[in-house]
Amino acid sequence: GEDVEQSLFLSVREGDSSVINCTYTDSSSTYLYWYKQEPGAGLQLLTYIFSNMDMKQDQRLTVLLNKKDKHLSLRIADTQTGDSAIYFCAESSYSGGGADGLTFGKGTHLIIQP
Amino acid sequence: DAGVTQSPTHLIKTRGQQVTLRCSPKSGHDTVSWYQQALGQGPQFIFQYYEEEERQRGNFPDRFSGHQFPNYSSELNVNALLLGDSALYLCASSLRKGRSNQPQHFGDGTRLSIL
């Protein structure tokens, strides 16, 4: 079945770059997503990439996709204290009816050191 | 532009009871999905509604049911509540365009506690 794996914790110094990694198993994935969750809140869509793309950049965020290895990464440049949160990788695979329930990893806790 | 709104924000029930959670999608969206997020876990897909029909379902028992209304809002119903149903329930909305969907946007969730 579908599975998404992430490291549970990442600690970086303020101002450095953070790289959060994710692997997935479903070769029919169409979109891959990164969501951010702060304590007590819902999920905020950060960015997403279509499966036929290799890279997408959006301000401080860079997403890299290696479809052959089924590996997705999120790079956050110039990490700030406000980036401290849990980051979820998710994939969508369309069902025959066009629905697209997402499969999430367990999330990576990004810890910022001053 | 209102985002996804969910009600109530918190709810306490006892085992065996029934609960209804509500969701209004982001303006312009026509598809609603529901997820369950247990403490320390990633969200798990429950089901997705489009054109008032359940289009896809995750690995959840029949105690979990839903409905979508003509105005695209949605309800999640859970019967015969178990202690293990305690979780954050997230609603997400998106816009279906042809065969593909735009990204899902999430509400802040309803935290359900079962005593």
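Scope of the values below: all heavy atoms of this structure, side chains included, with no hydrogens, waters or symmetry mates. Within every chain, numbering begins at 1; the chains are lettered A, B, ... in the order of the sequence lines, protein sequences first and strands thereafter.
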Checking [X] against chain A: side chain, backbone, both or neither under 4.5 Å from a heavy atom?
X: B/Gln37; answer: side chain
X: B/Ile46; answer: neither
X: B/Tyr35; answer: side chain

Quiz item: Side chain of A/Tyr48, backbone of B/Gln102: donor and acceptor closer than 3.5 Å?
Solution: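 The answer is no, because no donor-acceptor pair under 3.5 Å joins these two groups.
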Quiz prompt | Under 3.5 Å: donor-acceptor pair, side chain of B/Gln41, backbone of A/Lys106 | solution =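 The answer is no, because no donor-acceptor pair under 3.5 Å joins these two groups.
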Quiz item: Which region of A/Leu45, side chain (C-beta onward) or backbone (N, CA, C, O), has a non-hydrogen atom less than 4.5 Å from a non-hydrogen atom of chain B, or is it both or neither?
Solution: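 The side chain, not the backbone.
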Quiz prompt | Atom group of A/Gln37 that falls short of 4.5 Å from chain B, counting heavy atoms | solution =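 When you check distances to chain B, only side chain atoms of A/Gln37 fall under 4.5 Å.
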[atom1] ([X]) with more than 12 external heavy atoms under 6.0 Å:
X: A/Arg13; atom1: CZ; result: no
X: B/Tyr72; atom1: OH; result: no
X: A/Asp69; atom1: CG; result: yes
X: A/Gln59; atom1: CD; result: no
X: A/Arg60; atom1: CZ; result: yes
X: B/Leu39; atom1: CG; result: no

Least distance between heavy atoms, [X] atom then [Y] atom:
X: B/Pro103; Y: A/Tyr33; answer: CB-CE2, 3.6 Å
X: B/Gln48; Y: A/Asp100; answer: NE2-OD1, 2.8 Å
X: A/Leu43; Y: B/Pro43; answer: CD2-CG, 4.0 Å

Quiz item: After noting the C-alpha distance and the side-chain angles of B/Phe45 and A/Phe104, does the key distance pass the ring pair (Phe, Tyr, Trp, His ring centres under 6.0 Å) rule?
Solution: CA-CA 9 Å; B/Phe45 174 67; A/Phe104 284 85; 9.8 Å; no
Quiz item: Shared ILVMFWY cluster between A/Leu46 and B/Val4, side chains joined below 4.5 angstrom?
Solution: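 They do not share one cluster, since no chain of ILVMFWY contacts under 4.5 Å joins A/Leu46 to B/Val4.
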Exercise. Flag yes if A/Leu32 and A/Met53 sit in one hydrophobic cluster, no otherwise; membership is Ile, Leu, Val, Met, Phe, Trp, Tyr, and two members link when side-chain heavy atoms are under 4.5 Å apart.
Key: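 Both belong to a single hydrophobic cluster.
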